[in-house]
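These numbers come from a predicted model, not from an experiment.
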Amino acid sequence: MNYGFVKVCAATPEIRVADVEFNTSRIIEAIRQSFEKGSRLTVFPELCVCGYTSGDLLMQPVLLDGVENAILKICSATKGLDTLVFVGAPIRGEDRSKIYNCAVALCNGKILGIVPKTYLPDYGEFYEKRYFAEACDKPEFVKICGQSVLLSTDILFKADNFPEFSVAAEICEDLWAPLSPSVRHTQAGANIIVNLSCSDETVGKAEYRRELVKMQSGKLICGYVYCDAGDGESTTDMAFAGHNIISENGVIVAESKLFENGLLYSEIDVESISFERRKAVSCYGCGKKYEYKSVDFTVSEREYPLERSFPRMPFVPENGLADRSGLILSIQAKGLEKRLKHTCAKTAVIGISGGLDSALALLVVCRTFGAMGKSLKDVIAVTMPGFGTTGKTKNNSLRLIEALGVSGKTISITDSVKQHFRDIGQEEDNHDVTYENAQARMRTLILMNVANQTGGLVVGTGDLSELALGWATYNGDHMSMYGINSSVPKTLVKHLVKFEADRLGGVCREVLYDILNTEISPELLPPENGEISQKTEDIVGPYILHDFFLYYAVRKGFSPDKILYIATRSFEGVYNAATIKKWLKNFYNRFFSQQFKRSCVPDGVKVGSLSLSPRGDWRMPSDAVCKLWRDFID
């Protein structure tokens, strides 16, 4: 089923109040249109067959008979269309003495079930109790269109060939109530909630409605399709805007413009919803059990292009980046502050390379000392030039130290490493892994001992992306006394450094912008013509791809082939499929083989929704084999 993506549609057709024949034709037209577009779930507004604002006409037999005939026509029109449809209609109860405000579920020429509205508003401009009965406590069967159909609030509509495609319905006010039916619907197993609504438009209501839908989908870990009545309902004292919203687990994935009738499409990833729920076992599968009737339907394996897009940098917020950056830096600073206070550390010792990670770590340390009222002279920034250090990175390190006003030390590692080479019998012109790692370990040795000299604490600089790839020297830059960047991915590091650069201004801004424009490198191999020769992304791959892989592999639990599918779409025109596949294989190879480094990383504050700390989000055996994941890619 297209990697778990269910295409859904919130359809607000043009309607006329009490003109059942006209409304029926528009509903059928919209069903066919959504089916051709590939929708497997199409939702219409509340009472759309006759019009919500029909008033006392809702009690007239003429209208009710007309509605029943309309349901028969709509049902017949769905024959051969394997899409689940919900239409809003007034339905008479079993003894025909009551009328219910209902969502009628249809698929492939059959009425699958009827869901009555639970909460009937009876305030302000709403007076539904004048017409409708409240939902019955027990299920009943009603005769409609020659069928005996279950009428109950507690029905799960489940695709028999796609178990994770499970749907339940609530109607308008049900969402606004303190204990919405969707709460028990999701606990009973519904992955998608549909809401057939007729919510009039007043100033500020759209914003409230949007947040309500978003929060409900997040709180319940579900997809939520909210379909609102359009301007055809506008009459007398009310106006309606057709505010349709599709949300998934706290994220709005599609939203219509106000006062524009039409069909809104997107996809809901039911595989992702199931993954998130498996992590929240205290809420799903372990709570109160509800007596639900399960009604099956069948959908085809048709695949259509996705309506949804996936941001290339999922760790970087698309909106409110400045506010988020300030918050992240504050979280980092507070985490470090606690450790400094608890250990009674007099100084913070940090290695400065002229690169992004060490720049960010130093900026956070300065924030921390400022908040603690400590002198920045107790921040000891150590530059340790070696065989691969270029003039640019060294100068930027020194300029940043001076601009921030911290204490600086320059300690060359060249002679120490050469002596070490002689001790272990390593040839200086043998630029193998020993040549590289000896330098990294020497730097860590220096930092640890400077910290001992000054009664301080070594602040690590490695980031989340490097942890994922194992791009650190074991017991070298892999080790510190507190890993301040350990949950910050590389793509986010750049934005945080830029944020601080713009905030500080002056020389700090100038230096930090130069660092932002410097190639990412550990600088462990000799430069060529004075330029960096060892470029990280040439070796391990582009960090923008690896952060994308990391987010969807670990945070979202996507399979490798699903990641390849969405990455190919997201990076179209930037990287071709073969390149993405190459680096995805590399990601999984490194992620599995380098777990032993993550199993013993220092403490480091979690700032976002993902950490690879063995004490936090990620517990993985160091010797797990990645064959299954590689096979998915192939």
Side-chain angles (χ1 to χ4, degrees), residues 207 210-219 221 223-224 245-255 266-269 272-273 275-276 279 306-335 356-357 359-361 363-364 367 463-468 484-504 509 512-513 516 520 542-558 563 566-567 569-571 574 604-613 616-617:
E207 292 81 0
R210 180 186 303 113
E211 290 304 308
L212 193 60
V213 171
K214 183 169 75 171
M215 288 300 103
Q216 193 76 347
S217 75
K219 181 177 74 171
I221 312 180
Y224 203 102
I245 306 167
I246 301 171
S247 184
E248 178 188 301
N249 194 16
V251 177
I252 302 292
V253 295
E255 181 177 5
S266 191
E267 289 82 20
I268 292 174
D269 186 352
S272 178
I273 288 167
F275 172 78
E276 295 294 338
K279 297 194 295 183
L306 291 181
E307 301 286 336
R308 284 178 67 170
S309 60
F310 296 86
R312 292 173 182 169
M313 293 188 288
F315 288 109
V316 180
E318 294 182 294
N319 300 307
L321 179 57
D323 291 340
R324 189 67 62 85
S325 297
L327 175 61
I328 291 168
L329 290 161
S330 296
I331 293 172
Q332 288 180 279
K334 280 298 178 183
L356 279 170
D357 291 338
L360 176 59
L363 292 169
V364 174
R367 268 188 172 240
D463 63 43
L464 179 67
S465 307
E466 292 176 341
L467 281 176
I484 196 67
N485 295 335
S486 59
S487 67
V488 183
K490 187 76 77 177
T491 47
L492 184 55
V493 168
K494 293 182 179 181
H495 292 277
L496 297 177
V497 171
K498 184 178 183 300
F499 174 84
E500 282 292 79
D502 293 338
R503 185 181 71 86
L504 294 170
R509 184 180 187 277
L512 289 169
Y513 266 70
L516 283 164
I520 299 171
Y543 275 115
I544 193 170
L545 283 180
H546 284 307
D547 282 359
F548 188 91
F549 301 154
L550 174 63
Y551 180 84
Y552 286 105
V554 178
R555 174 63 188 86
K556 302 297 287 184
F558 285 12
I563 295 172
I566 63 169
R569 286 176 48 83
S570 296
F571 291 95
V574 181
V605 65
K606 179 180 177 179
V607 301
S609 62
L610 177 62
S611 162
L612 292 177
S613 167
D617 292 348

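Residues Leu504 and Leu363 meet the side-chain proximity criterion, which asks for heavy atoms closer than 4.5 Å. Between Asp502 and Tyr513 the shortest side-chain heavy-atom distance falls below 4.5 Å. Side-chain contact between Ser247 and Ile252 is present, with heavy atoms from C-beta onward closer than 4.5 Å. Annotation: side chain of Leu550 is in contact with side chain of Leu610 (closest heavy-atom distance under 4.5 Å).
Residue Lys556 places its NZ atom among more than 12 non-hydrogen atoms of other residues, nucleotides or ligands, all under 6.0 Å distant. Dense packing is recorded around CD of Glu207, with more than 12 heavy atoms of other residues, nucleotides or ligands lying under 6.0 Å away.
Scanning all heavy atoms of the two residues, the minimum distance from Asn485 to Gln332 falls at OD1-NE2, 3.1 Å. Residues Ile484 and Ala361 come closest through the heavy atom pair CG2-CB, 3.6 Å. Heavy-atom minimum distance, Phe499 versus Arg367: CE2-NH2, 3.8 Å. Residues Leu356 and Val497 approach most closely at O-CG2, 4.0 Å, considering heavy atoms. Between Lys490 and Asp357 the shortest heavy-atom distance is NZ-OD2, 2.8 Å. Closest heavy-atom contact between His495 and Ser325: O-OG, 4.4 Å.
For Arg555 and Glu276, the salt-bridge test passes: some basic side-chain N is under 4.0 Å from an acidic carboxylate O.
For the atom pair CG of Leu464 and CD of Glu466, the computed distance is 10.0 Å after rounding to the nearest 0.5 Å. The CZ atom of Arg210 sits 6.5 Å away from the CD1 atom of Ile245 when rounded to the nearest 0.5 Å. For the atom pair CG (Leu512) and CZ (Arg503), the distance works out to 11.0 Å, reported to the nearest 0.5 Å. We find the OG-CG distance between Ser611 and Leu467 to be 8.5 Å, quoted to the nearest 0.5 Å. Rounding to the nearest 0.5 angstrom, the gap separating the CG atom in Asn249 from the CD1 atom in Ile273 is 7.0 Å.
Listed by chain and residue number, nothing satisfies the side-chain hydrogen bond (donor to acceptor under 3.5 Å, both in side chains) test with Ser486 (two or more places apart in sequence, or in another chain).
Residue pairs meeting the salt bridge (charged side-chain N to carboxylate O under 4.0 Å, His left out) criterion with at least one member in residues 245-254, sequence neighbours excluded, are Glu248-Arg308. Annotation: side-chain hydrogen bond (donor to acceptor under 3.5 Å, both in side chains) contacts involving residues 542-553, sequence neighbours excluded, comprise Ser465-Asp547, Thr491-Asp547.
Panel note: side chain Arg312, backbone Phe548; no donor-acceptor pair is recorded below 3.5 Å. Side-chain atoms of Glu500 do not come within 3.5 Å of backbone N or O of Leu360 as any donor-acceptor pair.
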